[in-house]
Enquirer: 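First the structure, which I've put down as structure tokens, then a few questions once you've had a look.
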Amino acid sequence: MQTLAESHLVLGPEHVTIPPELVTIPTDNPNVILRQLIPDDAEVVFRTINSQKYDSAMMRFGDHVTREQSNVEATRDRIANAEGNEGNRRLILGIWDEGEFAGEVLLKPHKYNKGVDVIEYWVDKNHRGKGLAGLAAASASSYSLYERGSERVFAAINPKNKASERVVQRLGYFVLPPPQKDWYGVNKDTLVNSQRLQ
Ligand SMILES: CC(C)(COP(=O)(O)OP(=O)(O)OC[C@H]1O[C@@H](n2cnc3c(N)ncnc32)[C@H](O)[C@@H]1OP(=O)(O)O)[C@@H](O)C(=O)NCCC(=O)NCCS
């Protein structure tokens, strides 16, 4: 039986009641976990996204995230309409660092390529530079390939986004051939060993 402190560490703020069927994925760091967002998370998620509005990395490479979240209700709707809602398979996972919300990693089916999940992520500016994106992308990629049943995971990376490029390269993602431009991909054979769930 977990203590309250332990469940807080694993799942996020104490005031949030977490339904048991939610997707939770461990990472290689026991203090960092991925946990599917629920509407009750909307306030902390919105507050964090709103605080990235003028962050240069977010403005250059993640402005669609801040643009879409104009108020807490928009964030609540985005979460409520994700995975689990009428067959929607857009899974939004919060990155929880010692129980604190620190960013998101998303998996969604590729529009045209069957068997492919697309991964996206962003990390709160105050939590960057300590490997969170790497941990999150590793665990989410592994979850997609080994649990969610995808054959490959693709990531669209702006070539100027060196931090993000580094994240996927370290995990064994490789540059996809034309006509895919600025896309990386990974499968079970290339995902680096330590990141596999099996
Ligand atoms: C990209 C982003 C997710 C990285 O988050 P993070 O938690 O700081 O990333 P990590 O610490 O896991 O790894 C970053 C890696 O890039 C490296 N890096 C950072 N800036 C770099 C740069 N300018 N050039 C080369 N490498 C760089 C780091 O050294 C680290 O590599 P290492 O693990 O080998 O030391 C974060 O900067 C972010 O949210 N940016 C805005 C949104 C975004 O770009 N999302 C991705 C869209 S594809």
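The basis for the numbers below is simple: all heavy atoms, side chains too, and nothing from hydrogens, waters or symmetry mates. Just follow the structure's listing: the first ligand is 1, and inside any ligand the first atom is 1.
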Enquirer: How about atom 28 (C) of ligand 1: does it have a protein heavy atom within less than 4.0 Å?
Expert: no
Enquirer: Between V123 and ligand 1, does any nitrogen or oxygen pair lie at a separation below 3.5 Å?
Expert: yes
Enquirer: Sequence neighbours excluded, which residues qualify as salt bridge (Lys or Arg N to Asp or Glu O under 4.0 Å) partners of D124?
Expert: none
Enquirer: Using heavy atoms and a threshold below 4.0 Å, how should the contact between A155 and ligand 1 be classified: side chain, backbone, both, or neither?
Expert: neither
Enquirer: Mind checking whether N161 contacts ligand 1 via backbone (N, CA, C, O), side chain (CB onward), both or neither, at a 4.0 Å heavy-atom cut-off?
Expert: side chain
Enquirer: May I ask you to identify, for R128, whether its side chain, its backbone, both or neither come under 4.0 Å of ligand 1 on a heavy-atom basis?
Expert: both
Enquirer: To which protein heavy atom is atom 22 (C) of ligand 1 closest, and what is the distance rounded to 0.1 Å?
Expert: K162 CB, 3.6 Å
Enquirer: Would you tell me whether Y121 and S164 have side-chain atoms, one donor and one acceptor, within less than 3.5 Å of each other?
Expert: yes
Enquirer: Heavy-atom distances under 4.0 Å are what count here, so tell me which part of R170 touches ligand 1: side chain, backbone, both or neither.
Expert: side chain
Enquirer: List ligand 1 atoms under 4.0 Å from G134, heavy atoms only on the residue side.
Expert: 12 (O)
Enquirer: Using the salt bridge (Lys or Arg N to Asp or Glu O under 4.0 Å) criterion, which residues pair with K162? Sequence neighbours excluded.
Expert: E165
Enquirer: Evaluate side-chain contact (heavy atoms from CB on, under 4.5 Å) for R78 paired with V45, printing each intermediate quantity in order.
Expert: CA-CA 11 Å; R78 181 177 67 104; V45 173; 3.9 Å; yes
Enquirer: For ligand 1, which atoms have a heavy atom of A156 less than 4.0 angstrom away?
Expert: 48 (S)
Enquirer: By number and element, which atoms of ligand 1 are closer than 4.0 Å to a non-hydrogen atom of A133?
Expert: 3 (C), 4 (C), 5 (O), 6 (P), 7 (O), 9 (O), 12 (O)
Enquirer: Are F101 and D41 side-chain neighbours, meaning at least one heavy-atom pair lies under 4.5 Å?
Expert: no
Enquirer: Yes or no on side-chain contact (heavy atoms from CB on, under 4.5 Å) for N50 and Q69, after CA distance, side-chain angles and deciding distance?
Expert: CA-CA 8 Å; N50 204 38; Q69 315 293 306; over 6 Å; no
Enquirer: Check V167 against ligand 1 and report side chain, backbone, both or neither, counting heavy atoms closer than 4.0 Å.
Expert: side chain
Enquirer: For atom 46 (C) of ligand 1, what's the nearest protein heavy atom and its distance?
Expert: Y121 O, 3.3 Å
Enquirer: Apply the test side chain to side chain donor-acceptor pair (under 3.5 Å) to residues S139 and T27: give CA-CA distance (whole Å), side-chain angles for both, the deciding distance (0.1 Å), then the verdict.
Expert: CA-CA 6 Å; S139 290; T27 72; 5.1 Å; no
Enquirer: Which of the numbered atoms in ligand 1 are below 4.0 angstrom from a heavy atom of G129?
Expert: 6 (P), 8 (O), 11 (O)
Enquirer: Does F61 belong to the same Ile/Leu/Val/Met/Phe/Trp/Tyr cluster as V167, with side-chain heavy atoms less than 4.5 Å apart forming each link?
Expert: no
